[in-house]
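Step one of this worksheet: look at the structure below.
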Amino acid sequence: MIHQLVSLFLDHDRFVVTTHTRPDGDALGSQLALGHFLRKLGKEVHLINTDAPPYNLSWMPGTDAVEVFDGALRQLEILAGAEVIVVLDTNTEERLGKMGAAVRSSPAVKVLIDHHPTPESWFDLQYRRESASSTGELVYELIVAHDPGLIDAALATALYVAIMTDTGSFRYSSTTAEVHRIVADLLERGGIEPAPIHAAIFDTRSVEGLRLLSRTLDTLSLRYGGQLGYLVVPQRTLREIGADVQETEGFVNYVLSIEGVRVALLFIETERGTKVSFRSKGDAYVHEWAQHFGGGGHRNASGAFVRKGLEETIREVVDAAPRFIDFGPETATAGCGAAGRAPDDGVLSPEDEAYLASLLDLKSRNA
Ligand code: 5GP
Ligand code: MN
């Protein structure tokens with residue numbers, strides 16, 4: 001399969017490489033890496049996305065060459081005239097956003113390189129593996145299958161960003177010995193260092209971003225005996241603070257870091273509906289839950305865009321949780337907090353919190 005793909009790349013000249021809306025590190029890193037690779041093979045390559053790169057990834061070598069889809073004739077001609085279109089890190093037309101229809105209807109050979117489950121059927125050739133840590137890992141395999149000598153600093157940086165961001169900085173269960181071998185190879189071949197890359201991606205928060213984090217953490221609610229936690233970002237808060245919605249990246253992980261929480265949600269209010277992020281630990285799988293609300297993703301990290309208001313979306317998504325997650329017999333239907341005394345909205349009152357704190361304090365003293 002991988003050699004078939006390499007041959008296809010060698011045999012054609014005009015390429016478009018694209019990825020999903022609101023591109024993350026894996027999406028953009030894989031795209032830039034494949035772009036560098038194809039150019040080194042002497043190919044004509046257009047990198048076109050529905051959304052611009054986020055601010056904390058814009059420093060990556062080659063991002064200037066990424067075009068934002070505008071629906072104008074020139075780009076429609078590029079898409080229609082391409083010999084090969086490669087779709088990275090998503091497997092649905094919808095996740096390509098505004099340019100999805102033009103990609104799908106192009107007469108080009110459509111190639112999918114991805115690690116998500118259940119791809120749509122319109123791809124002509126697929127290189128996919130759900131167990132892969134990232135799409136970047138698959139792009140690495142492809143490049144190495146042809147010529148590992150092509151990996152230079154720019155290419156190594158792009159793949160490092162892809163793999164590092166999609167493994168949560170090498171923390172998630174998808175992080176294997178092989179992932180570390182790949183990363184070691186990238187560091188050596190590219191002559192690159194991890195520290196400045198991590199600093200450029202994670203140590204670039206704005207003051208507004210940190211204020212937004214503070215306000216958002218204050219919205220924490222716990223349900224189902226403390227196994228589900230969620231945060232809420234209303235439009236009003238974004239406006240008041242003057243923060244960009246991109247600054248919410250990673251907020252949901254704070255919820256997952258709470259002991260006892262198995263499922264974490266982040267609700268972001270937008271003008272057209274509510275963006276929901278689903279994250280989980282271990283065998284609490286969230287992808288079918290996200291699919292139920294029109295989204296999708298991985299077993300432990302999914303997302304959905306619900307075309308409803310904030311309050312309604314929160315209620316429906318949280319109430320649907322027991323249909324997809326086994327919270328155990330005592331909490332299967334109850335919307336109770338950790339102490340079992342929370343009001344119906346699942347938010348602990350100050351009295352409840354004090355009571356809970358005293359119980360925990362007692363427990364630790366008796367332990
Ligand atoms: P995030 O919560 O970071 O936006 O998304 C987490 C993961 O869920 C993404 O990597 C992607 O796999 C998936 N995902 C997010 N939003 C959507 C969506 O609207 N539709 C689908 N099908 N998948 C999504
Ligand atoms: Mn990915």
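Indexing begins at 1, ligand by ligand and atom by atom, following the structure's order.
Metal site remark for the Mn ion (ligand 2): Asp26 contributes an N, O or S atom at a distance under 2.8 Å.
Just one residue in the list Val17, Leu96, Thr21, Thr19 forms a side-chain contact (heavy atoms from CB on, under 4.5 Å) with Asn49, and that residue is Thr19. Residue Glu93 forms a salt bridge (Lys or Arg N to Asp or Glu O under 4.0 Å) with just one option from Arg104, Lys110, Lys98, and that option is Arg104.
Checking His20 against Asp51 by side-chain atom types alone, no donor-acceptor pair falls below 3.5 Å. Between the side chains of Tyr172 and His298, no donor-acceptor pair is found at a separation under 3.5 Å.
For the ring-ring contact (aromatic ring centres under 6.0 Å, His included) test, no residue two or more places apart in sequence or in another chain qualifies with Tyr55.
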Query - Criterion salt bridge (Lys or Arg N to Asp or Glu O under 4.0 Å) on Arg189 and Asp185, from CA distance to verdict - result: CA-CA 6 Å; Arg189 288 188 189 279; Asp185 190 43; 3.0 Å; yes
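The angle subtended at the Mn ion (ligand 2) by NE2 of His115 and OD1 of Asp89 is 90°, given to the nearest 10°.
Between Leu217 and Phe251 the shortest side-chain heavy-atom distance does not fall below 4.5 Å.
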Check each N or O atom of ligand 1 against all protein N or O atoms and list the pairs under 3.5 Å, with atom names and distances to 0.1 Å, one per line.
| residue | atom | partner | partner atom | Å |
| --- | --- | --- | --- | --- |
| ligand 1 | 2 (O) | Ser277 | OG | 2.6 |
| ligand 1 | 2 (O) | Arg279 | NH1 | 3.0 |
| ligand 1 | 2 (O) | Arg279 | NH2 | 3.3 |
| ligand 1 | 3 (O) | Arg279 | NH2 | 2.8 |
| ligand 1 | 4 (O) | Lys275 | NZ | 2.4 |
| ligand 1 | 8 (O) | Gly303 | N | 3.0 |
| ligand 1 | 12 (O) | His116 | NE2 | 2.6 |
| ligand 1 | 14 (N) | Gly296 | O | 3.4 |
| ligand 1 | 22 (N) | Gly296 | N | 3.3 |
| ligand 1 | 23 (N) | Gly296 | N | 3.4 |
| ligand 1 | 23 (N) | Gly296 | O | 3.1 |

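Within Asp166, the N, O or S atom lying nearest to the Mn ion (ligand 2) carries the name OD2.
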